[in-house]
Amino acid sequence: MYADVVLGFRQKHSRPSFLRRLVSLLNPPKRRLDCLHQLAKMVQYNFKKITVVPNGKTFIDIILSRTQRQTPTVVHKGYKINRLRQFYMRKVKYTQTNFHEKLSTIIEEFPRLEQIHPFYGDLLHVLYNKDHYKLALGQVNTARNLISKIAKDYVKLLKYGDSLYRCKCLKVAALGRMCTVLKRITPSLAYLEQIRQHMARLPSIDPNTRTVLICGYPNVGKSSFMNKVTRADVDVQPYAFTTKSLFVGHTDYKYLRYQVIDTPGILDRPFEDRNIIEMCSITALAHLRAAVLFFLDISGSCGYTIAQQAALFHSIKSLFLNKPLVIVCNKTDLMPMENISEEDRKLVEGMKAEAMKTAMGASEEAVLLKMSTLTEEGVMAVKNAACERLLDQRVEAKMKSKKINDHLNRFHVAMPKPRDNIERLPCIPQVVLEARAKKAVEMEKRKTEKDLEEENGGAGVYSASLRKNYILQHDEWKDDILPEFLDGHNVADFIDPDIMLRLEELEREEKVRLAKAKEDDVEMDVEELSEEQKLQLAAIRKKKAVLIREHRLKKTVAQNRSTVPRKFDKDKKYTTKRMGRELSALGLDPSSAVDRARSKSRGRKRDRSEDGNNDAMDVDDEQQSNKKQRVRSKSRSMSVARSASRPPADAVVPGDGFKDSTQKKSALKISHGSHKKRDKNARKGEADRVIPTLRPKHLFSGKRGKGKTDRR
């Protein structure tokens, strides 16, 4: 609580002596040390708690609505001039105060890049460009100052207002100028709102805690390792750059919590050519004190050779200084370490030699590790090695710090001295030893259902016996076959004991019959087709397979491919000419297929005219030119035919229950008159009891007083 007060004075007072004096004033002597520790700690921002930034129009509506609701609204020209001035001065001051509070909240809640951890500062610069960010906040600050200056000037003018009209005009001008200032920063407010939404989605990374950082080329298995050792659920796909931002997971080692950060893949190219996704990884490597796991895909299935991955390692090895580094050879299930070539082995050894420079006493086995995330072989060994090396480095750094002397004098390790040279072995009672031995024998002999299942073929093969715990006079009775009775008869008496043998004979006979039928079909097909027909059949089957493969390919990428109209299809893969050439090459007549395709590609109007007259296929050129007139006359004649086929409203139709048309007219007239009153009141039916006045005037009109408002 006190640290927040002190941090607010950092901008104006940066001297340590001032902070110490302020802490001594605010805190009793017992709490001074804790407060100084809080001051020394880096400020931690929770970006998810930043208030929503409204756009310009919404901002103005909020402020003016609040001014209208929270200030008096009734004034008369008969009031004294002093009262009129105070009335309008209050509105101007209240509006300025609301603007100032809202804009100050925006400025204060957004983090200042100089006061947060360098990791967050550089990450925000990579994602949003800190120059634009500072410019937007500066424009908001300028608008706040301008609004305060406008309010000050108009309050001074209102002090000399000589009439109700003059004071009202000054108030309108003041509020209008404030709103104009705010409208000018509408783009900045929209930009800050986008930044706020993006910052709220950033992972919560603590730069000062124990951290394991995973880096390497894309698609080398970083996210798969992350999912294995943490509770995170990172998307894993067989293509590069699946991970496009930093992902955080947590794992435990020796009762301590470690955060594991999965970074996007990095490519070996100049610093200026790297995109935002790669720069997120570079920023994390540069600023976070963490154990670094450099993943190496020795199988080459990621699309990059070991030489390319080694070049990336040497290009960014400056970021690994003073950090525990572990080189992880992944995907050993596809390519064991012993099967790689001599050149690749030399490259790996060179990387290992570079990693040993930052080993700080670690063995060679702890620097280069082998792993397979698919079979989970070596996964936990990699995690334990990284956590152990990071823990050793942090302990060593604390031992070298100046504060260690202040803590060591609080500890005293007592070492007992022997009083004589007699060796006194621990004395364990015989009863305890016998109980331990008995328990060990029981644990060895006892087998669980899981053990029995694994011994007898595993799940799906082993069936647990439900009778083994039966309490019977003899244990061999447990496995006796229980007779099943149906309608007073034993079912076993009606089952043929040789039924399984007969079933096998039937199955063998069926297999022989099917094989013979298949041979007959094959011989018949071969006899019916000539050599030329066989070639044509093979070409058709090949073409069908190509079409199926193309269709499946289009189906897989359909979500990422927009539909191209035929007029923009420059390739023109599917045309009648091409179809005609292919059918001609197969020895078939393409004329009927081409005519059918052309007839199918005509418009709807032509189809309507053809449906009405089957002889329209044989029209000459003059009838083709008058196609629109024929379609229009045809549709008109169809509408006339429909109207002619519908009977009048008062005509008697068999089954209506009326004697003649006069009786039906009378019934319709009575029916219309019965719901005339209901129609005037806009009722849906006789059971409509809805009250359309949702906000009664007597409850919502007028100003809200100081009394109870719960019924509103």
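Side-chain atoms are counted along with the backbone in the values below, which use heavy atoms only and exclude waters and symmetry mates.
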More than 12 non-hydrogen atoms from neighbouring residues, nucleotides or ligands closer than 6.0 Å to [atom1] on [X], yes or no?
X: Arg289; atom1: CZ; answer: no
X: His132; atom1: NE2; answer: no
X: Glu349; atom1: CD; answer: yes
X: Gln197; atom1: CD; answer: yes

Looking only at side-chain N and O atoms, does [Y] offer a donor or acceptor that is under 3.5 Å from a partner on [X]?
X: Lys331; Y: Ser301; answer: yes
X: Glu377; Y: Ser372; answer: no
X: Thr448; Y: Asp451; answer: yes
X: Ser148; Y: Gln96; answer: yes

Using a 3.5 Å distance criterion without hydrogens, assess whether the side chain of [X] forms a donor-acceptor pair with backbone atoms of [Y].
X: His250; Y: Gln259; answer: no
X: Arg231; Y: Gly249; answer: no
X: Ser281; Y: Pro264; answer: yes
X: Arg210; Y: Leu256; answer: no
X: Arg389; Y: Leu325; answer: yes
X: Lys323; Y: Leu319; answer: yes
X: Thr105; Y: Leu103; answer: no
X: Thr251; Y: Val229; answer: yes

Check residues 55-62 and write down every donor-acceptor pair under 3.5 Å in which the side-chain atom is one partner and the other belongs to a residue at least two apart or another chain.
unit_1	atom_1	unit_2	atom_2	d
Asn55	OD1	Thr58	N	2.9
Asn55	OD1	Thr58	OG1	2.6

Worksheet item: Does the pair Leu312 and Ile266 meet the rule for a side-chain contact (heavy atoms from CB on, under 4.5 Å), with working shown?
Response: CA-CA 8 Å; Leu312 172 65; Ile266 310 173; 3.9 Å; yes
Is [Y] close to [X] at the side-chain level, that is, under 4.5 Å between some pair of heavy atoms?
X: Leu192; Y: Ile106; answer: yes
X: Leu285; Y: Leu213; answer: yes
X: Ser299; Y: Asp333; answer: no
X: His287; Y: Asp122; answer: yes
X: Val260; Y: Met226; answer: yes
X: Arg269; Y: Asn275; answer: yes
X: Arg345; Y: Ile306; answer: no
X: Tyr120; Y: Leu113; answer: no

Which residues pass the ring-ring contact (aromatic ring centres under 6.0 Å, His included) test with [X], sequence neighbours left out?
X: Phe225; answer: Phe295
X: Phe119; answer: none
X: His198; answer: Tyr128
X: Tyr191; answer: none

Of the non-hydrogen atoms in [X] and [Y], which two are nearest, and what is the gap between them?
X: Val248; Y: Pro203; value: CG2-CB, 3.5 Å
X: Cys387; Y: Tyr253; value: CB-CD2, 3.4 Å
X: Lys228; Y: Thr373; value: CE-O, 3.2 Å
X: Gly121; Y: Ile116; value: N-CD1, 3.8 Å

Report the residues that fulfil side chain to side chain contact (heavy atoms under 4.5 Å, CB included) with [X], sequence neighbours left out, ordered by chain and then residue number.
X: Val126; answer: Ile276, Met279, Thr283
X: Ala385; answer: Leu369
X: Asp420; answer: Ile422, Arg424

Going by an N to O cut-off under 4.0 Å, is there a salt bridge joining [X] and [Y]?
X: Glu396; Y: Lys400; answer: yes
X: Lys49; Y: Glu109; answer: no
X: Asp262; Y: Lys222; answer: no

Practice prompt. Give every residue pair that meets the side-chain hydrogen bond (donor to acceptor under 3.5 Å, both in side chains) criterion with at least one member in residues 133-144, sequence neighbours excluded.
Written response: Ser104-Arg144, Glu114-Lys134, Gln139-Ser188, Asn141-Arg144
Worksheet item: Listed by chain and number, what are the salt bridge (charged side-chain N to carboxylate O under 4.0 Å, His left out) partners of Lys383, not counting sequence neighbours?
Response: none
Discussion item. For Glu338, give me all partners under salt bridge (charged side-chain N to carboxylate O under 4.0 Å, His left out), at least two apart in sequence or on another chain.
Written reply: Lys370
Working to the nearest 0.5 Å, report the span between [atom1] of [X] and [atom2] of [Y].
X: Ile298; Y: Asn339; atom1: CD1; atom2: CG; value: 8.5 Å
X: Glu278; Y: Thr263; atom1: CD; atom2: OG1; value: 11.0 Å
X: Lys417; Y: Met415; atom1: NZ; atom2: CE; value: 11.0 Å
X: Ile277; Y: Ile282; atom1: CD1; atom2: CD1; value: 13.0 Å
X: Asp344; Y: Gln309; atom1: CG; atom2: CD; value: 9.5 Å
X: Phe313; Y: Asp268; atom1: CZ; atom2: CG; value: 12.5 Å

Item to complete: Sequence neighbours left out, what pairs pass salt bridge (Lys or Arg N to Asp or Glu O under 4.0 Å) with at least one residue falling in residues 181-204?
Response: Glu193-Arg196
Practice prompt. Give the intermediate values and the outcome of side-chain contact (heavy atoms from CB on, under 4.5 Å) for residues Glu388 and Lys254.
Written response: CA-CA 9 Å; Glu388 185 66 31; Lys254 288 186 177 180; 3.0 Å; yes
Worksheet item: When you look at Val326 and Val367, which way does the side-chain contact (heavy atoms from CB on, under 4.5 Å) test go after all the steps?
Response: CA-CA 5 Å; Val326 179; Val367 173; over 6 Å; no
Item to complete: Starting from the C-alpha separation in whole Å, work towards a yes-or-no answer on side-chain contact (heavy atoms from CB on, under 4.5 Å) for Leu293 and Val212.
Response: CA-CA 7 Å; Leu293 298 178; Val212 177; 3.8 Å; yes
